Amino acid sequence: MSVMERLLAHVAVSPRAAGDGMAMAAAVLKLADMAVVVASGLLAYALRTGHVELPDAPHYFYALLAGALLNLFVFVQLALYQSWRLALPSMVLGRLLWGWCLVLVALASLSFLSKTGPSFSRLWFLYWAGIGILGLVGARVLLDRLLRWLHSRGIGNRRVALLGPPDRVAQVSERIQRGPWSGIEVIPVPPAINAGDFAALPDWLSQHSVIEVWLAWPMRDERLIRESVRNLDASCVEIRWIPDIFAFRLIHHGMAEVVGTPMLELSVRPLSLTSQLVKLVVDKLIASAMLVLASPLLLALAVGVKLSGPGPVIFRQMRHGWDGKAFEVWKFRSMHAHDPAEAPLQTSRTDSRVTRFGAFLRRTSLDELPQFVNVLQGRMSIVGPRPHALRHNAEYQDLIPNYLQRHRVKPGMTGWAQVNGLRGETHSLEKMRKRVEYDLYYIQHWSLWLDLSIIAQTCAIVLFDRDAY
């Protein structure tokens, strides 16, 4: 056995130290982030001046120190150090980018208010912004790889016991196995203990060095939950309960405390006021820029629609939007004039109502461009669940669970379902159910990074995918 293997074997037998591994990793990450902020600022200064040296002016050091402290404060507020490896990578990256932007905006505001802005190089600040975010991401990637390596050797794993009905225990175990990066190791509980022999539980936990117990009993088995907790009082283990509310596919659930009263939030608004403001600003900026830049194209398309046949240039249709309120969605008309009441619910690939110019518009998604006006009106967002026809909502709200939860956010010009292959006609109930699942996933996991990713994917699909009609 090598020296390294003997060392690993010695470390691996410390269960309590292993249980504190996440806290230690978070502390290391805090120090690493502060070091990255300072080091990236010094590297940016070297790139700006063309040679490696410490800044002569002390205000650069003050800026770097303020940046490191602000970064720590902002990242703590964004919960980037709280069980950071258990979150989805896209969520961590989105919060990281948002947090670093807040730090930079705060520093720029401080320099403006203190009238020290002219003494800093703007090019240095831009270099610092770019190198800083790369360094912050890199620090997490390196620490993540290190922890994965340690976990693969049994170091730093969190040994967890699951108590509850076999089907729910198996369901939770399967989810844990899908995320091996979490470092959670499930220790099977003997059937006799799981069946109700809780008196033997403390000794078994001690023998197997288990430091956490997760209770998966449903709410109706209150007696089993109470007995489990009572028998665990003498054990220094962390106890967590997994409530059986997730089968309801709730939107943005969690714990809260109101006037000193603990509450289990079953379904609340998915986006905070800050998130709504960020999304609104991004929507307005993109919509305004697109309408200005594409104005010649919009004029040309309007002429093409007018020449394609009688009828209005803009097709307007009532859809359900945010909180279920009806609004008028705009599109370039792509069909011959007809009575909407007698038309099919959805457009098919061989639909005879579509004009030749309209087929081109639909194939290239150019018929959707007027919806940037809907975005400026505040009735739509760039990214969100696509607004369905009123008759669709009436048909599917009783067939698909949580269908109307799509209206908890503004409808979008594009969405998570669309970039995952669910564009165009939904010719089956299963396809519509799948689209709703993607929409609910987007609502539950919203981040600015996810929006920008969907926008980029949509651009690629519009340019290279010819499956739309």
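Predicted model only: the values in this text are computed from it and were never measured. Computed over heavy atoms, backbone and side chain alike; hydrogens, waters and symmetry mates excluded.
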Inset, instruction - Check the pair Val103 / Phe73 against side-chain contact (heavy atoms from CB on, under 4.5 Å), numbers first and verdict last. - result: CA-CA 9 Å; Val103 171; Phe73 174 77; over 6 Å; no

Inset, instruction - Go through the steps to decide whether Trp214 and Ile184 satisfy the test side-chain contact (heavy atoms from CB on, under 4.5 Å), and finish with yes or no. - result: CA-CA 12 Å; Trp214 293 3; Ile184 298 175; 3.7 Å; yes

Legend entry - Stepwise side chain to side chain donor-acceptor pair (under 3.5 Å) check, Asn374 with Gln377: CA-CA 5 Å; Asn374 290 130; Gln377 293 171 337; 3.1 Å; yes

Legend entry - Rounded distance [0.5 Å steps], OG in Ser228 versus CG in Asn194: 8.5 Å

Legend entry - Phe120 six-ring centre to Arg122 NZ/CZ under 6.0 Å and within 45° of normal: no

Legend entry - Under 3.5 Å donor-acceptor, Asn71 side chain and Gly67 backbone: no

Inset, instruction - Look at Asp283 together with Lys410 and state whether they make a salt bridge at an N to O cut-off of under 4.0 Å. - result: no

Inset, instruction - Could you tell me the separation between the CZ atom of Arg319 and the CE atom of Met380, rounded to the nearest 0.5 Å? - result: 8.5 Å

Inset, instruction - Answer yes when Arg240 and Glu212 have at least one side-chain N-carboxylate O distance shorter than 4.0 Å, and no when they do not. - result: yes

Legend entry - Residue pair Lys279, Trp446: steps toward the side-chain contact (heavy atoms from CB on, under 4.5 Å) verdict: CA-CA 10 Å; Lys279 190 171 176 62; Trp446 179 87; 3.6 Å; yes

Legend entry - Approximate separation, where rounding is to 0.5 Å, of Ile454 CD1 and Trp416 CH2: 6.0 Å

Legend entry - Reference residue Tyr403; test side-chain hydrogen bond (donor to acceptor under 3.5 Å, both in side chains); the match among Arg435, His388, Arg433: His388

Inset, instruction - Please name the residue in the list Arg386, Arg363, Arg362 that meets the salt bridge (Lys or Arg N to Asp or Glu O under 4.0 Å) test with Glu368. - result: Arg386

Legend entry - CZ-CG distance between Arg48 and Leu43, expressed to the nearest 0.5 angstrom: 14.5 Å

Legend entry - Name of the residue among Leu376, Val375, Ile382 meeting side chain to side chain contact (heavy atoms under 4.5 Å, CB included) with Lys284: Leu376

Inset, instruction - Would you kindly say whether Ser209 and Arg159 are connected by a side-chain donor-acceptor distance under 3.5 Å? - result: no

